2 protein chains.
Amino acid sequence: MEFRQLSYFIAVVETGSISAASRRVHVAQPALTRQVRLLEEDLGTRLLERHARGVSLTVAGKALYDEAVQLLDRRTQIRTRLSALGQGLIGKVSLGVTVTHLWVPEVAALLRHYRDRYAKVAFEVFPLLSGPQLERLREGSLDAGILYLDSAEQPGLQTRLLQHDHLMLAVPEASRWATRPLNRLRELNDADFVWGFRSVSPVYYDRVMAHFDRLKFEPRVVQYGADNITILSMVAAGLGIAIVPSASSAHPMPGVCFLHLDELTACDMPLWMAWRSTNDSPALHNLIGLVDEVFR
Amino acid sequence: MEFRQLSYFIAVVETGSISAASRRVHVAQPALTRQVRLLEEDLGTRLLERHARGVSLTVAGKALYDEAVQLLDRRTQIRTRLSALGQGLIGKVSLGVTVTHLWVPEVAALLRHYRDRYAKVAFEVFPLLSGPQLERLREGSLDAGILYLDSAEQPGLQTRLLQHDHLMLAVPEASRWATRPLNRLRELNDADFVWGFRSVSPVYYDRVMAHFDRLKFEPRVVQYGADNITILSMVAAGLGIAIVPSASSAHPMPGVCFLHLDELTACDMPLWMAWRSTNDSPALHNLIGLVDEVFR
DNA sequence: TGCTGACATGCCGTACTGATATGGCTAGAG
DNA sequence: CTCTAGCCATATCAGTACGGCATGTCAGCA
């Protein structure tokens, strides 16, 4: 039982004769006669009753016709499905993003464009910090991540630079910091700092602390928050000031003022997209391709 | 996309390497390499990632594997289904039987044996008189019938003799006919007869009337019944006596006495099985085959 | 650095498939 | 009743596809 034999057989059934079928499938009549006979021998059952004028179906032939139509339909379905999969038009992609960067216009545009262009792809966005993203990328439960890295070289991963973040100062609108001009970091020696947990986001904090070490500046921390939103909320409440990635300023926060400081701007915080080198998912690579359009 | 390629591909996936698969399917490794490549070219998608140690699946490959397994399963299902159909182990058979003959032990045995031996065949028995059976056989809505025929030669039909019925006299148990010895038909000249409608069962009544014409006997009909059961019920009620096929006596009827008369026994009523000559249903032919066992 | 195991490539013989020519059969027209 | 057209079957030949063998290439491992 071969696909060719089945499609020949279908043509014979639908045209009512082998000769008519031969015209339809553009194959000589003896070839069809033989293929039908081979099919019958293979199945061990007569499929057609031969008459002087065309053929008629046996019981088995009727049953095979229905099945054959389904089988061939199924084959073309698989074809189109695989083709769509190969072009990344269907399938699944999971992407990790830090909540902070969901507010960055380019990141938002990337997600939106991908959803629009590849509407049939199951596109899942997971709000995760850099550390958990890395873990999940390595274990394969995440296809791609938008995250901070300590280096562009990550074993088993491929990376692409999205943009350069830096550091900014977030101060309560009502505080003296918001109005008084500020130039050097050491002017903040006696300021109260709201800080995050290194354990939650080691990649980010290691980088920040290394920068501060170089500047010989040590913030006086009076309060800790689990994530950027919490920290900024504390700043808005007047509990202190905070160091935040510049991406945070993309999200206006009532009661919070974002300030530039040369010494903070100098701290380069590259934002990367990363994915498993062995991940060949076309849907993923379409996402990566979109990055080139959005992040020029 | 051919079945062979799919089964090769499945072997490759399940063994994890082309070489291992070649040992499993007993085909040289280069042949597998080529068939997989042809499959990939045909589908326009890479299915395997080749490594120094075996191969791994791409996204498309994983999808194809699942589909291919289903497709091949489907093929073997079709095989077994067609084989069963060809042997008449599954399928449908419809059989017409006159209600009267359902009581005949051999007919009952035929139905019972067929149901037992071919339990998976949808076997439908339609209680029909000879006339309607003939119609339905000709129009194809009935596969076979157990019926009276005016001739063994029926255009488009094949026939097989089952048994010879004849005529009997049915009289009320309480009547004088039941006790007084009876020899000749003419003794019934003044008897009240319960009769059937020729229009309902022309085959039967034409035969009966032809016989009576030869005997120059004309029954005095006082009552009509639509079928044998009704007629026999009328006899039991004392409304008159009736001529019935001998098969009726297989069904004991309270209040009715069946009598033999040489002149009635002489009326040969052959019972036939008939089916369309063009009907090739193996299930039907199994039924016909059983007839040889039951009606020796 | 050599070895082993795995995939790729080239070549050849065989089997399969299709085209052409031809014959037999049957239904329908004259 | 005969004749013919149309259809299926068979035989033969050519082209193609498939599998086997020998060999090449590459990556991982000791």
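Since we're looking at a predicted model, the values are computed, not measured. First the proteins, then the strands, lettered A, B, ... as listed; each starts at 1.
- Rounded to an integer number of Å, the gap from CG of A:Leu39 to P of C:dC16 is 16 Å.
- For the 3.5 Å distance criterion, the side chains of A:Tyr118 and A:His113 fail to qualify, holding no donor opposite an acceptor.
- If you measure from atom CD of A:Gln5 to atom P of C:dC16, you get 11 Å, rounded to the nearest angstrom.
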Might you list the N or O atoms of the protein lying below 3.5 Å from N or O atoms in nucleotides 8-14 of chain D, with each pair's distance?
{"residue": "D:dC8", "atom": "OP1", "partner": "A:Ile18", "partner atom": "N", "Å": "2.8"}
{"residue": "D:dC8", "atom": "OP2", "partner": "A:Ile18", "partner atom": "N", "Å": "3.3"}
{"residue": "D:dC8", "atom": "OP2", "partner": "A:Ser19", "partner atom": "N", "Å": "2.7"}
{"residue": "D:dC8", "atom": "OP2", "partner": "A:Ser19", "partner atom": "OG", "Å": "2.6"}
{"residue": "D:dA9", "atom": "OP1", "partner": "A:Arg50", "partner atom": "NE", "Å": "2.7"}
{"residue": "D:dA9", "atom": "N7", "partner": "A:Gln29", "partner atom": "NE2", "Å": "2.9"}
{"residue": "D:dA9", "atom": "N6", "partner": "A:Gln29", "partner atom": "OE1", "Å": "3.3"}

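- When the C1' atom of D:dT16 is taken as reference, atom CD of A:Gln35 falls 14 Å away, rounded to whole Å.
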Apply the test ring pair (Phe, Tyr, Trp, His ring centres under 6.0 Å) to residues A:Tyr114 and A:Phe123: give CA-CA distance (whole Å), side-chain angles for both, the deciding distance (0.1 Å), then the verdict. CA-CA 8 Å; A:Tyr114 188 80; A:Phe123 180 43; 4.8 Å; yes
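- In this structure a side-chain-to-backbone donor-acceptor pair under 3.5 Å is missing from B:Asp165 to B:Met269.
- Contact between the side-chain N/O atoms of A:Tyr8 and the OP1/OP2 oxygens of C:dG18 is found at a separation under 4.0 Å.
- The closest side-chain heavy-atom distance from B:Val36 to B:Val12 is below 4.5 Å.
- Straight-line distance from the CZ atom of B:Phe3 to the P atom of D:dC18: 15 Å, rounded to whole Å.
- Between the side chains of B:Arg74 and A:Gln70, a donor-acceptor pair is found at a separation under 3.5 Å.
- As a whole-Å value, the separation of A:Leu6 CG from C:dT17 P is 13 Å.
- Atom CD in A:Glu2 sits roughly 8 Å away from atom P in C:dT17 (whole-Å rounding).
- Going from atom CG of B:Leu32 over to atom C1' of C:dA8 covers 13 Å, rounded to whole Å.
- Both cation-pi conditions hold for A:Arg75 and A:Phe3: the charged atom is under 6.0 angstrom from the six-membered ring centre and inside a 45 degree cone around its axis.
- One atom, CG of B:Leu38, and another, C1' of D:dT16, lie 13 Å apart when rounded to the nearest Å.
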